[in-house]
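Structure first, commentary second.
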There are 2 protein chains.
Amino acid sequence: MTRTAKTRRRRRRADGGYARGEQTRRRLLEAAIELFAELGYERASTRAIATHAGVSLPALQYYFGGKEGLHRACAEYITEDVRTRLGPATDRVRQALSRRDLGRAELLELLRAVVEPFLEGLATERPESWALFFARAQGEHSAGFDTIFQQIGGRLLALVTEIIGRILGRPPSGPEVAIRAVIVVGQLTLVRRARPIILRALGWPNFAGERLQTLKEVIWDGIASSLSGH
Amino acid sequence: MTRTAKTRRRRRRADGGYARGEQTRRRLLEAAIELFAELGYERASTRAIATHAGVSLPALQYYFGGKEGLHRACAEYITEDVRTRLGPATDRVRQALSRRDLGRAELLELLRAVVEPFLEGLATERPESWALFFARAQGEHSAGFDTIFQQIGGRLLALVTEIIGRILGRPPSGPEVAIRAVIVVGQLTLVRRARPIILRALGWPNFAGERLQTLKEVIWDGIASSLSGH
DNA sequence: CTAATTTTCTATCATCCGATAGAAATCTGT
DNA sequence: ACAGATTTCTATCGGATGATAGAAAATTAG
C-alpha cells in the first residue's frame with residue numbers, strides 16, 4: 001500500500017474530432033506490443049516504448065494513463081483482432097453443434113475446424129510478437145489480465161470441451177472430458193511456447209509452407225488418435 | 001552495454017570450515033526460490049528476498065555475487081534435487097532401452113516409467129514453488145538459464161524421443177517422432193502451467209490423492225492412444 | 001482571425017533498485 | 001588467548017524507472 005494507489009482512470013478522449021492524435025496512440029500501442037513481447041512487462045521501460053514509437057514519454061500517460069493501462073490496451077487490441085479473425089469459424093462450429101445427431105466423424109471434423117485455424121495462427125501469427133505477447137502476459141500474471149485472456153482461451157476451451165464430451169459420450173463436466181480438453185488446447189499453445197525447442201529438435205528454420213502442413217498433420221493425428229482409442 | 005559488465009565471479013568459499021554462514025546461504029536460497037516463483041525475477045527485489053530470509057541485504061552479494069548469480073544458484077539447486085529424485089528411474093529406462101527386441105507393450109511401459117514420476121512431481125512438487133520457479137524462469141528467458149533447464153528437459157526429451165521413435169518404427173530425427181515427443185513432454189509441463197485452469201474446469205481444490213490418480217490415468221490414456229492408432 | 005480545446009514537449013520529481021564501502025562482529029586453528 | 005580469516009552490518013552511491021507540472025505548439029470551431 002506504499003504505492004501510489006491513485007487508481008488513475010483513462011483520460012477522456014474522442015468526443016470531438018482531433019483525429020491527429022489517434023496516430024500517436026496507434027504507434028504507441030504497436031511499439032508497446034513489440035517491446036512487451038520481446039522483453040516482458042518489467043523490462044520494457046516506458047522510455048524505450050516511447051522512443052521506439054517516436055513519441056515523447058508523457059504521451060504514454062496522456063493516452064493510456066500509465067504503463068499498466070497501456071499493457072491492458074495492448075491485450076484488448078490483440079484480443080479484438082484475434083476474435084474477428086477466429087470468431088466466424090467458431091460461430092459456425094457452435095451453430096453446427098446444435099444438431100444432436102452428429103456422428104463421431106462429423107464431430108471430429110468440427111473439432112478440427114476449431115483447432116486448425118487456431119494452431120495456424122499460433123504458428124505463423126503475422127506480427128511475430130502477438131502470440132509472444134500473450135505467452136509473456138500469461139506467465140507474468142499481469143493484474144486483471146486473465147480476464148481478457150479468457151475471452152479467447154475460455155471460449156475456445158468451452159467449445160473444445162463440448163465437442164470432446166460428445167465424442168466420448170460423457171458429461172462435459174467430468175474429469176475425463178475436462179482434462180482432455182485442457183490438454184488439447186494446451187498442445188496448441190505449446191506450438192508457440194516451445195517453438196524454439198521444436199524448431200531445434202527438427203532442424204527447421206521456421207514453420208513456413210510445407211513444414212506448417214506437416215506440423216498440423218502430426219498434431220491433429222495425435223489428437224484424433226487420442227480420442228479414438230477405447 | 002550501459003550495465004555494469006563487471007562479470008563478477010562468485011566469492012571463494014568453503015575451503016576452510018566456517019560452517020556458520022552456510023545456513024544464511026541456504027536461507028537466502030530458499031527465500032529466493034519462493035519469491036522468484038511468486039513474483040518473477042524482476043518483481044522479486046533483492047531487499048524483499050533478504051528480508052524474507054532474515055538476513056541483511058549485502059549478504060546476497062557476498063554469497064552469490066549478485067541477483068543474477070542468486071537466480072542461477074536457485075536453478076542449480078532445484079535442478080540438482082530433481083535430478084537425484086528422477087535420475088535413477090530414467091537411468092533404469094535408458095539401460096532397458098539397450099535391448100533391441102522390445103515389443104510395443106514393453107516400450108509403452110518404459111515410456112510410462114519415465115512420464116509418470118515426472119508428471120507426479122510437476123503436479124505435487126513438495127515446496128509448491130519449485131515447479132513454479134521453472135515455469136517463470138522459462139518464460140523470462142533469464143540469461144544463460146536455458147542451459148540449466150535443458151539439463152532436465154533436454155534429457156527427458158531425448159529419452160522420450162527415442163522411445164516414441166521405436167514405437168512408431170521411425171527415425172528419431174524425423175518430424176513425426178520429434179513433434180510427438182515435444183508434445184508429450186509439453187503436456188506434462190501443462191499440468192503445472194495450466195494448473196489453475198484445470199482445477200477450475202474440474203472444480204477441484206488440488207491434485208491430492210484420488211484426483212492425482214485420475215489425472216495421471218487420463219493423461220496417460222491420451223498419450224498411449226495417440227501412439228497406438230497408426 | 002480568434003478563442004477554446006487538444007496534443008506535445010522540456011524539465012523535473014520521488015522512489016525504488018542493485019550494488020558497494022568499510023567498519024564491526026564472529027568464528028577458526030594454533 | 002591470540003592472530004588471521006570470515007561473516008554481517010550500517011550507511012550510502014549511482015542509476016533507472018514511472019509519473020507529473022506546466023509551458024508551448026497544434027488543431028478545430030465559430
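Below, chains carry the letters A, B, ... as their sequence lines are ordered, and counting in each starts from 1. Here the structure is a predicted model, which means the values were calculated and not measured.
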Could you list the protein-to-nucleotides 22-25 of chain D atom pairs, N/O on both sides, closer than 3.5 Å?
none

So do the side chains of B:L110 and B:L159 get within less than 4.5 Å of each other, counting heavy atoms only? no
Between P on D:dT20 and CG on A:L60, what's the gap in Å once rounded to a whole number? 11 Å
Judged by atom type as modelled, is there a donor-acceptor pair below 3.5 Å linking the side chain of A:R155 to the main-chain atoms of A:Q151? yes
Please determine if a side-chain N or O atom of A:Q61 lies less than 4.0 Å away from the OP1 or OP2 oxygen of D:dA19. yes
What is the separation between atom CZ on A:R27 and atom P on C:dT7, rounded to the nearest whole Å? 15 Å
Does any N or O in the side chain of B:R195 come within less than 3.5 Å of the main-chain N or O of B:A123, such that one atom is a donor and the other an acceptor? yes
Would you call B:R136 and B:E140 a salt bridge, taking side-chain N to carboxylate O under 4.0 Å as the test? no
Under-4.0 Å side-chain N/O to phosphate OP1/OP2 contact, A:S56 with C:dT10: no
Could you tabulate the donor-acceptor pairs under 3.5 Å formed by side-chain atoms of residues 206-215 of chain B, not counting sequence neighbours?
| residue | atom | partner | partner atom | Å |
| --- | --- | --- | --- | --- |
| B:N206 | OD1 | B:A208 | N | 3.0 |
| B:T214 | OG1 | B:E210 | O | 3.2 |

Distance in angstrom units between A:E22 CD and C:dT6 C1', rounded: 13 Å
Separation of C:dG18 P from A:R43 CZ (nearest whole Å): 12 Å
Whole-Å distance separating the OH atom of B:Y62 from the C1' atom of D:dT8: 9 Å
Heavy-atom contacts under 4.0 Å between residues 44-54 of chain A and DNA chain D, which residues? A:A44, A:S45, A:T46, A:R47
So A:H71 and A:F133, would you call those rings parallel, tilted or perpendicular, with 30° and 60° as cut-offs? tilted
What is the minimum heavy-atom distance between A:A37 and A:L132, and which atoms define it? O-CD2, 3.7 Å
Between D:dT20 atom P and A:F64 atom CZ, what is the distance in whole Å? 16 Å
Has B:Y63 got a side-chain N or O lying under 4.0 Å from the OP1 or OP2 atom of D:dT8? yes
Starting at CG of A:L39 and ending at P of D:dA16, how long is that distance when rounded to a whole Å? 16 Å
Could you check how far CG of A:L57 sits from C1' of C:dT10, rounded to whole Å? 11 Å
Reported CZ-to-CG distance for the pair B:F36 and B:L70, which is rounded to 0.5 angstrom: 5.0 Å
Backbone N/O of B:L60 and side chain of B:K67: donor-acceptor pair under 3.5 Å: no
